[in-house]
Amino acid sequence: MVKIGSLVFNNFPLLLAPMEDVSDPPFRALCKQFGADLMFTEFISSEGLIRNAGKSTQKLDIYDEERPIGIQIFGADLNAMIKAAEIAENAHPELIDINFGCPVKKVVRKNAGAAILKDLDKMLLLASEIVKRVACPVTVKTRLGWDQNSVRIVEVAERLQDCGIKAITIHARTRSQMYKGEADWDWIKRVKDNPRLKIPVFGNGDITNPQKAAEYKNKYAPDGIMIGRASIGHPWIFKQIKHYFTTGELLSEPSLNERIAVCKEHLNRSLEWKGEKLGVLEMRRHYANYFKGYKHIKPFRNRLVTTDNPEQVFAILNELSHAGLMLSTTSNP
Ligand SMILES: Cc1cc2nc3c(=O)[nH]c(=O)nc-3n(C[C@H](O)[C@H](O)[C@H](O)COP(=O)(O)O)c2cc1C
């Protein structure tokens, strides 16, 4: 059993990672259908939230079907973060997650995200003050450290627990690594091996298939696994991993028509949630992943990402179904 405050998971939870421009309500609905146990919103700027910026407040949209869900906030200013946490709590998520891991320049330049890894006192202050101000559980998502010479994640996890943080997700890379190299899950094991640490530790980084999920679950003993990139265009990964955990057997990859059906549902939900223009536009980043590895996909993909009219996009997806493309033998979608 895994407990985040009063939130209880009876199984080994699989988490959908917060992903800016990806893990919006249309995508989350699909991941939920395929078995994601806990999901997060895209990160929300505390400065945007307290100023009522449209882009930030829209990310507070959560739906009952997706519960349990966490709203993730980021920022560097204590008062803005406290206010943002209070605003997020009013949207009634199961939990609030603080982002102490975002590596992108735009964020760290403002001393937010992974930059807070360089200032442990500030991290602990932000965490403890937010915990005091909201009633729901507060969790943290972070990286191993700023760079290879400053990895203090074992101590950081314990001190966050002492501030009242109820779970921690660790993307097992440093900020300097960005997305390069391999995530080093040995650190997750070290964090878990600390006898003082009682809160759940979720492992994150480079889980791409059911076998790797099972291997890392056994080898590094996290309390759950968070999946990001491998779910993009592949939301059934949660179902595949769960099936493998319970049976030891691999589900076959979805057929072209099954992929098209999921992609169409994604598009429909995007249109419904974002409206025609943005709905079509923002789906463009997903097609390459939905149809990765298919021979002769390029002309279809080129049309999918240049067509503005939703009906035409659906028509191209129908044509793709009739074309019955084959998977290339060399790639592993
Ligand atoms: C497109 C994209 C957007 C992301 N946005 C966020 C975000 O908003 N908040 C966050 O904590 N991490 C974000 N991340 C990092 C992921 O949550 C995750 O930690 C990282 O991708 C490693 O996991 P993976 O190897 O399973 O993808 C993002 C990653 C990607 C690829």
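Indexing begins at 1, ligand by ligand and atom by atom, following the structure's order. Residues take their numbers from the sequence shown, with the count starting at 1.
A donor-acceptor contact under 3.5 angstrom links the side chains of E265 and Q33, judged on distance only.
Applying the 4.5 Å side-chain rule to ILVMFWY residues, one finds V2, I4, L7, F9, L15, L38, F40, L95, M226 in the same cluster as F202. Cluster partners of F74 are F43, V104, V107, counting Ile, Leu, Val, Met, Phe, Trp and Tyr whose side-chain heavy atoms approach within less than 4.5 Å, directly or via other members.
Listed by chain and number, A17, P18, M19, E20, F43, Q72, N99, K141, H171, Y179, N204, G205, D206, I227, G228, R229 each place a non-hydrogen atom less than 4.0 angstrom from ligand 1.
The cationic atom of K264 (NZ for Lys, CZ for Arg) does not lie both less than 6.0 Å from the six-membered ring centre of F314 and within 45° of the ring axis.
Of the charged side-chain nitrogens involved, at least one lies within less than 4.0 Å of a carboxylate oxygen, so that R259 and E253 count as a salt-bridged pair.
Looking at residues two or more places apart in sequence or on another chain, you find a side chain to side chain contact (heavy atoms under 4.5 Å, CB included) between L120 and M123, L124, R152, E155, V156, R159.
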